[in-house]
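Everything below concerns the one structure shown next.
For reference, positions follow the sequence shown, starting with 1. Here the structure is a predicted model, which means the values were calculated and not measured.
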Amino acid sequence: QVQLVESGGGLVQAGGSLRLSCAASGDTFSNHGMGWFRQAPGKEREFVAAINWSGEDTNYADPAKGRFTITRGNAKNTMSLQMNSLKPEDTASYYCAASLYTIVVVTTDFYDYWGQGTQVTVSS
């Protein structure tokens, strides 16, 4: 079992930055590939970014490429998402997720543990 708690969301103007954090507890953190997903009202949950167990391999959804950076610190059981150049369309609840696979995983089906989410609102 893995428990995940997100933090760092908030209200920011377009062009601004936010850094989301995910704190994990329970199972050995490095046993899990990790990911960030987001869900806007009325829309399905969508992939944002993912990272493998060691942090050496990452993958980003097209809207996140060049603006967002995913990192992890296995010593502290944490994962982060640095979001720059934010746009109003980035407004959503952001979820941290842990997979039973150690590799990069980009689909929700392969994630077994989810946080409660943190709200990000970008004003124009």
Side-chain angles (χ1 to χ4, degrees):
Q1 291 283 334
V2 179
Q3 293 77 46
L4 303 170
V5 179
E6 302 96 336
S7 61
L11 173 64
V12 63
Q13 289 187 333
S17 299
L18 280 175
R19 185 177 183 86
L20 304 184
S21 295
C22 175
S25 60
D27 191 18
T28 302
F29 187 57
S30 58
N31 285 347
H32 302 275
M34 300 292 295
W36 286 99
F37 291 77
R38 67 187 184 186
Q39 188 167 17
K43 295 188 176 181
E44 293 188 354
R45 190 167 297 188
E46 64 177 10
F47 168 71
V48 176
I51 191 166
N52 77 329
W53 74 274
S54 68
E56 294 178 348
D57 189 19
T58 60
N59 190 290
Y60 297 90
D62 286 343
K65 289 179 181 177
R67 299 189 300 129
F68 295 2
T69 303
I70 186 172
T71 57
R72 67 186 294 162
N74 287 346
K76 295 187 176 182
N77 294 350
T78 58
M79 176 179 68
S80 297
L81 184 69
Q82 177 67 42
M83 305 188 294
N84 299 327
S85 303
L86 284 162
K87 305 174 181 180
E89 50 264 44
D90 294 319
T91 295
S93 292
Y94 283 71
Y95 297 88
C96 164
S99 172
L100 289 182
Y101 297 89
T102 58
I103 60 174
V104 166
V105 178
V106 301
T107 58
T108 58
D109 290 352
F110 292 97
Y111 282 90
D112 301 273
Y113 306 103
W114 295 84
Q116 293 299 307
T118 185
Q119 178 67 35
V120 171
T121 303
V122 184
S123 63
S124 58

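- The shortest heavy-atom contact between Tyr94 and Ala92 is CD1-O, 3.3 Å.
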Candidate pair Phe68 and Leu86, rule side-chain contact (heavy atoms from CB on, under 4.5 Å), full reasoning: CA-CA 9 Å; Phe68 295 2; Leu86 284 162; 3.9 Å; yes
Stepwise side-chain contact (heavy atoms from CB on, under 4.5 Å) check, Met83 with Leu20: CA-CA 8 Å; Met83 305 188 294; Leu20 304 184; 3.8 Å; yes
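- In this structure Ser93 satisfies the side chain to side chain donor-acceptor pair (under 3.5 Å) test together with Gln119, sequence neighbours excluded.
- The two residues Met34 and Ala98 come nearest to each other via the heavy atoms SD-CB, 3.5 Å.
- Side chain of Thr91 to main chain of Val122: a donor-acceptor pair is present (N/O by atom type, distance under 3.5 Å, no hydrogens or angles).
- Side-chain atoms of Asp112 come within 3.5 Å of backbone N or O of Leu100 as a donor-acceptor pair.
- Here the OG-CD distance, from Ser124 to Gln13, works out to 9.5 Å after rounding to the nearest 0.5 Å.
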Check against side-chain contact (heavy atoms from CB on, under 4.5 Å), Thr108 and Glu44: CA-CA 11 Å; Thr108 58; Glu44 293 188 354; over 6 Å; no
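- The same ILVMFWY cluster, assembled from side-chain heavy atoms under 4.5 Å apart, contains both Phe29 and Tyr113.
- Distance check: Gln116 CD to Leu4 CG gives 10.0 Å after rounding to the nearest 0.5 Å.
- To the nearest 0.5 Å, atoms CD1 (Ile51) and CG (Asp57) are separated by 8.5 Å.
- Listed by first then second residue, pairs satisfying salt bridge (charged side-chain N to carboxylate O under 4.0 Å, His left out) with a partner in residues 89-101 read Arg38-Asp90, Arg67-Asp90, not counting sequence neighbours.
- With sequence neighbours excluded, the residues that form a side chain to side chain donor-acceptor pair (under 3.5 Å) with Asp27 are His32.
- Between Val120 and Gly9 the shortest heavy-atom distance is CG2-CA, 4.2 Å.
- In terms of modelled atom types and a separation under 3.5 Å, the side chain of Tyr60 and the main chain of Gly66 share no donor-acceptor contact.
- Within a 6.0 Å sphere centred on CZ of Phe110, heavy atoms belonging to other residues, nucleotides or ligands number 12 at most.
- Nearest heavy-atom pair, Met79 versus Trp36, reported as atom, atom and distance to 0.1 Å: CE-NE1, 3.3 Å.
- Without hydrogens or angle criteria, Asn74 side chain to Ser30 main chain gives no donor-acceptor distance under 3.5 Å.
- Glu6 places a side-chain N or O within donor-acceptor distance of the main-chain N or O of Cys96, the cut-off being under 3.5 Å.
- Between Tyr101 and Asn52 there is no side-chain heavy-atom pair separated by less than 4.5 Å.
- For Tyr95 (side chain) and Gln39 (main-chain N/O), no donor-acceptor pair under 3.5 Å exists by modelled atom type.
- The two atoms that bring Val104 and Ala50 nearest to each other are CG1-CB, 3.8 Å, heavy atoms only.
- Between Tyr111 and Ser99, the shortest heavy-atom contact is CD2-N, 3.6 Å.
- From Thr107, atom OG1 reaches atom CZ of Phe37 across 6.5 Å, with rounding to the nearest 0.5 Å.
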